[in-house]
Amino acid sequence: MKNIIMGACLLAALASIGTLGNLGCKKKTAPPPPELSVMLVDPGQAPLEPLRYAIPVGTVVRSLLEIRDSDAALEETEDSEDAFGVLPGFKLLLHAGPTALWAKGTRYVLRISKAESVLPEGVTARQIEEVEQGIAALRGMRGRFDLNAQGIVEDADVPWAQGQEKIHPRVAITIGNVRSAIATIPLPREPVGIGAVWEVRRPLRIWSARVTQVTRYELTDRVGGRFRVAITVHQVAAPQVADLNPKLEMHVRGYEMHARGYALADLSLPLALEATLESSSAADIALVSPEKTEPLMAARRSVLRLVSKSER
């Protein structure tokens, strides 16, 4: 059975404006649709001031992104190993910039200059080979992004390159969401003070299943152009049927993910200075083929860390 890692692409990994996995492959992204707008829930305490990115020309940022599973449980079946493959942790060295002026803010190129996998114990030689093929495809990937003063990408250009179909979907969708929701914090239009709360609601696709994600930010501290936010993320999927490949369906009976963490950002940088997020998820699904139906329960706990350094 062909492994589903053949279904991912760079657009999902880098150019997707805020989604965890629209795996369609096209040359450019469209302007953010209305559902990707930032909604202010509470303006916080006075004094209220606007938060806006103002990134100097020529800014360069290098970031280390690391994601590891702290705990994982999967009811392995004959089909599940072929359908999902190994879900690797990974380390990525990101290079953003040098930045340039853009009509509404800042233009920059984001490049993955180094990529390493973090594999669990007990994987087979074939699984190691598949993961390493995907990690190798990540190295050198790049995309151009046009970032407005709210921290929202309004346009992007990520050329398609051979070999990107080898990226594991979990890696692809994670990178896309980290870039849009954590690495660059989206900001509300309205002036805010300490204690302000805002949300970004996004429709996602994970393994072709429709998922709703709500990311909530709370402003906990601000000193000049630097600010800290507490972050919570909630994903949920209604019961549905999704296609994994022509011979295998995934019947989702329940899926939910919760994550908590924080980010420290600087309004003069395109990427956050640091961020940490701990997540836990649980899925109740069934893999359905013409020959049989196999129930599958999965639970996962992961830790994400991002550390950046400005070199301007």
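Scope of the values below: all heavy atoms of this structure, side chains included, with no hydrogens, waters or symmetry mates.
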Output the rest of the hydrophobic cluster of [X]: all Ile, Leu, Val, Met, Phe, Trp and Tyr residues reachable through side-chain heavy-atom contacts under 4.5 Å, sorted by chain and number.
X    : result
V241 : none
M39  : V41, V197
V57  : L101

> Taking only residues at least two apart or on different chains, which pairs with a member in residues 258-294 satisfy ring pair (Phe, Tyr, Trp, His ring centres under 6.0 Å)?
Replying inline: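 For residues 258-294, and leaving out neighbouring residues, the ring pair (Phe, Tyr, Trp, His ring centres under 6.0 Å) pairs sorted by first residue read H234-H258.
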> Is the backbone N or O of I55 less than 3.5 Å from a side-chain atom of S268, with the two atoms forming a donor-acceptor pair by type?
Replying inline: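 Checking the backbone N and O of I55 against the side chain of S268, no donor-acceptor pair under 3.5 Å is found.
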> Would the number of heavy atoms belonging to other residues, nucleotides or ligands and lying under 6.0 Å from CZ of R253 be above 12?
Replying inline: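 Atom CZ in R253 is packed in, count exceeds 12.
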Set of residues satisfying salt bridge (Lys or Arg N to Asp or Glu O under 4.0 Å) with respect to [X], sequence neighbours excluded:
X    : value
R260 : none
R107 : D146
K104 : E154
E256 : none

>> Taking salt bridge (Lys or Arg N to Asp or Glu O under 4.0 Å) as the cut-off, I'd like each qualifying pair that reaches into residues 46-56, sequence neighbours left out, listed once.
In response: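 Residue pairs passing salt bridge (Lys or Arg N to Asp or Glu O under 4.0 Å), neighbours aside: none found.
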> Do the charged groups of E66 and R68 touch, with an N to O distance under 4.0 Å?
Replying inline: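 Answer for the salt bridge query: yes.
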>> Test of understanding: with side-chain contact (heavy atoms from CB on, under 4.5 Å), list the residues that count as partners of P191, not counting sequence neighbours.
In response: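 By the side-chain contact (heavy atoms from CB on, under 4.5 Å) rule, P191 matches L48, P50.
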> Which residues pass the side-chain contact (heavy atoms from CB on, under 4.5 Å) test with S281, sequence neighbours left out?
Replying inline: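 So S281 forms a side-chain contact (heavy atoms from CB on, under 4.5 Å) with Y255, M257, R300.
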>> Just to verify, what does E199 make a side-chain hydrogen bond (donor to acceptor under 3.5 Å, both in side chains) with, not counting sequence neighbours?
In response: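 side-chain hydrogen bond (donor to acceptor under 3.5 Å, both in side chains) check on E199 returns R216.
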> Looking only at heavy atoms, what is the nearest atom pair of V38 and P186, with distance?
Replying inline: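 It is CG2-CB, 3.9 Å.
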>> Distance check, rounded to the nearest 0.5 Å: I185 atom CD1 versus I231 atom CD1?
In response: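 The CD1 atom of I185 sits 4.5 Å away from the CD1 atom of I231.
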